[in-house]
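Since the structure comes first, as C-alpha cells, the remarks are kept for the end.
Please read all numbers here as calculations on a predicted model, not as lab measurements.
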Amino acid sequence: MTSSAKSERTVLIPPELDPDALAWPAADAGVWVLGGNTMGTVWQLRVPEVAHTSPTELQRRVEAVFQRVIQTMSPWEPASDLARLNAASAGERVSVDAWTGRVLRRALAYAAQTDGAFDPTVAPLVNSLGFGPQIVDASSAECRREAQRQLRRPSWQTIQVETDTQVLCPGGLHLDLCAIAKGFAIDQAVEVLHTIGLNSYLLEVGGEAFARGCKPDRQPWWLLLETPSQEETGATVPETVLALCGEAVATSGNSQRQRSDASGSVGHIVDPQQVDLRDGELLNVTVVHTHCMDADALATALFVKGRKQGLEHANAHGIRARFLSRVASGRLKVSYSQALAAYL
C-alpha cells in the first residue's frame with residue numbers, strides 16, 4: 001500500500017463483520033512487527049504480542065509458506081512446477097505440488113468467468129513485452145512481431161487439471177501464475193497463523209493484505225489503499241482508508257512496473273487479446289474479498305477489462321471493487337462497485 005499527502009480522506013468500513021473475525025487483544029499488549037523480502041517485493045506482519053509463540057517462530061513459519069510458493073510457482077525458478085509444466089509435451093501428465101494444482105485450477109476458473117481477461121497462459125506475451133524472466137529488447141520490431149504472434153497461441157481452455165497433483169498438458173503453452181500466486185501465498189500464511197492460534201494480525205505482501213481482529217487500542221487494522229502519486233498522474237485523489245477485518249484486499253495497476261517506447265507507455269498487465277494496455281483511463285483496481293487469492297485474480301481481470309466493462313462485471317458478480325481512473329482535463333475519478341459502495 002502507498003501513501004501521500006492528501007487534503008481529504010475517504011473511509012471504507014464493512015457494514016457487517018464476521019463475529020469470528022473480531023478478536024480483542026489485551027489493551028496493554030505490544031505489537032510485534034516482522035517482515036522481509038519475498039516474491040520480488042516486501043512482506044510485513046503486525047501482530048499483538050502473545051505468550052504461546054515467539055517472533056522467531058512466526059517469522060520461520062510464514063517464510064516457509066512463501067518459499068514453498070516460490071519453489072513451485074515462480075517463473076524464475078528453473079526447477080519449479082511451472083517450469084516443468086511449460087516444458088511438457090502434448091499429452092504429457094505432469095505431477096505437481098498440491099498447491100500448484102489448486103492455484104492453477106482456480107486460475108482456469110477465473111479465466112472462464114472473465115472470458116479470458118484473466119489468462120494464466122499469458123506468459124509468452126508478457127515475456128515478449130519485456131516483463132518476464134527472459135531479457136529481451138521489447139522495443140524491437142522482432143519483439144513486437146513476436147507479441148502479435150502470441151495472440152494466436154493455444155488457449156488456456158486446453159489445460160486439464162485432473163487432480164490437485166496431476167495436470168494433463170496440451171503442449172506449446174507457457175503458464176504465468178504471478179497474478180494469483182501471491183494472493184494464494186497470503187491465504188496459506190493466514191492458515192498457518194490460524195493454526196498457531198493467532199486471532200489478531202495484519203499481513204501485507206506488496207500491494208495485497210489480509211487482516212483479522214483489532215489492534216490493542218481497539219482500532220481496526222486500517223489500510224491505506226494504493227493511489228498513484230500526484231507526480232505520476234498530475235492530479236490528486238483523496239486518500240482512501242479501509243477497515244480490514246476478516247478480509248483480504250489486492251490492487252492491480254501498471255504504475256509500479258511499466259516502460260516507455262516510441263508508441264507510449266506499456267505496463268506489465270497485458271490484455272491477452274490486444275498485446276498490451278497503453279495509457280488507458282484506468283489507473284488501478286482494488287478488490288476486497290474473503291480470500292486474497294480471489295482478490296488478486298479479480299483485481300487483474302477487472303483492470304484488463306477496463307473501467308466500464310470491469311464495473312459492469314463487478315456489479316453482475318457482487319465483487320467489491322474500486323476503480324481509479326484518469327478522466328478529462330487530467331482529473332482523477334474514483335468509481336465503486338455496488339458491493340463496495342456499501343462500505344462508504
Do His313 and Gln113 have side chains that get closer than 4.5 Å, going by heavy atoms?
yes

If hydrophobic clusters are built by linking Ile, Leu, Val, Met, Phe, Trp and Tyr wherever their side-chain heavy atoms come under 4.5 Å apart, do Leu193 and Trp24 end up in the same one?
no

If a pair satisfies side chain to side chain donor-acceptor pair (under 3.5 Å) and one of its residues is in residues 55-71, list it, with sequence neighbours excluded.
Glu57-Arg60, Gln59-Glu63, Arg68-Asp97

Side chain proximity check, Thr121 to Thr158, heavy atoms < 4.5 angstrom:
no

In terms of heavy-atom contacts, Leu202 and Ala209 come closest through CD1-CB, 4.3 Å

Working to the nearest 0.5 Å, report the span between OG1 of Thr251 and CG of Leu283.
12.0 Å

Between Leu332 and Arg326 the two heavy atoms that sit nearest each other are CD2-CA, 3.8 Å

With side chains defined as the heavy atoms from C-beta onward, is the minimum distance between Leu82 and Ser74 less than 4.5 Å?
no

Which residue pairs pass the salt bridge (charged side-chain N to carboxylate O under 4.0 Å, His left out) test with at least one member in residues 293-302, sequence neighbours excluded?
Arg106-Asp294

If two hydrophobic side chains count as joined below 4.5 Å and joins carry through other members, does Val94 share a cluster with Val103?
yes

CZ/Arg322 to CG/Leu340 distance, rounded to the nearest 0.5 angstrom?
9.0 Å

Could you check whether any side-chain heavy atom of Tyr343 comes within less than 4.5 Å of a side-chain heavy atom of Pro14, counting everything from C-beta outward?
yes

Hphob cluster co-occupancy, Trp32 + Phe66, side-chain heavy atoms under 4.5 angstrom
yes

Any side-chain heavy atom of Val62 sitting closer than 4.5 Å to one from Leu34?
no

Measuring from Leu175:CG to Asp119:CG, what's the distance to the nearest 0.5 Å?
9.5 Å

Identify the two heavy atoms, one from Leu177 and one from Ala107, that lie closest to each other, and give their separation to 0.1 Å.
CD2-CB, 4.2 Å

Contact summary for Gly91 and Leu168, nearest pair of heavy atoms
O-CD1, 3.4 Å

Is any side-chain heavy atom of Phe118 closer than 4.5 Å to one of Val304?
no

Any side-chain to backbone donor/acceptor pair from Ser200 onto Cys214? Under 3.5 Å, distance only.
yes

Can you give me the closest heavy-atom contact between Ile70 and Glu77, atom names plus distance?
O-CG, 3.4 Å

Just wondering, do Thr72 and Ser80 contact through their side chains at under 4.5 Å, heavy atoms?
no

Tell me, please, which residues at least two apart from His194 pass side chain to side chain contact (heavy atoms under 4.5 Å, CB included).
none

Would you check, one step at a time, whether the test side-chain contact (heavy atoms from CB on, under 4.5 Å) holds for Ile13 with Trp222?
CA-CA 10 Å; Ile13 300 175; Trp222 292 104; 4.1 Å; yes

Glu92 side chain to Ser89 main-chain N or O, any donor-acceptor pair under 3.5 Å?
yes

Trp221 (side chain) donor-acceptor with Arg212 (main chain) under 3.5 angstrom
yes

Let me check something: do Val50 and Ile196 share a hydrophobic cluster, defined by ILVMFWY side-chain heavy atoms less than 4.5 Å apart, either directly or through other members?
yes

Do side-chain atoms of Asn315 reach the backbone of Gln338 as a donor and acceptor pair under 3.5 angstrom?
yes

Please tell me if the side chains of Val334 and Thr10 come closer than 4.5 Å, counting only heavy atoms from C-beta onward.
no

Applying the side chain to side chain contact (heavy atoms under 4.5 Å, CB included) test to Leu282, which of Lys308, Arg307, Lys305 qualifies?
Arg307

Between CG of Leu298 and CZ of Phe303, what distance do you get to the nearest 0.5 Å?
15.0 Å

CZ/Arg320 to CG/Leu12 distance, rounded to the nearest 0.5 angstrom?
11.5 Å

Scanning both residues in full, the closest heavy-atom pair of Thr114 with Ala301 reads CG2-CB, 3.7 Å

Taking Arg84 for its side chain and Ser95 for its backbone only, find out whether a donor-acceptor pair lies under 3.5 Å.
yes

If hydrophobic clusters are built by linking Ile, Leu, Val, Met, Phe, Trp and Tyr wherever their side-chain heavy atoms come under 4.5 Å apart, do Val42 and Leu223 end up in the same one?
no

I need the Leu224 CG to Arg9 CZ distance, nearest 0.5 Å.
7.0 Å

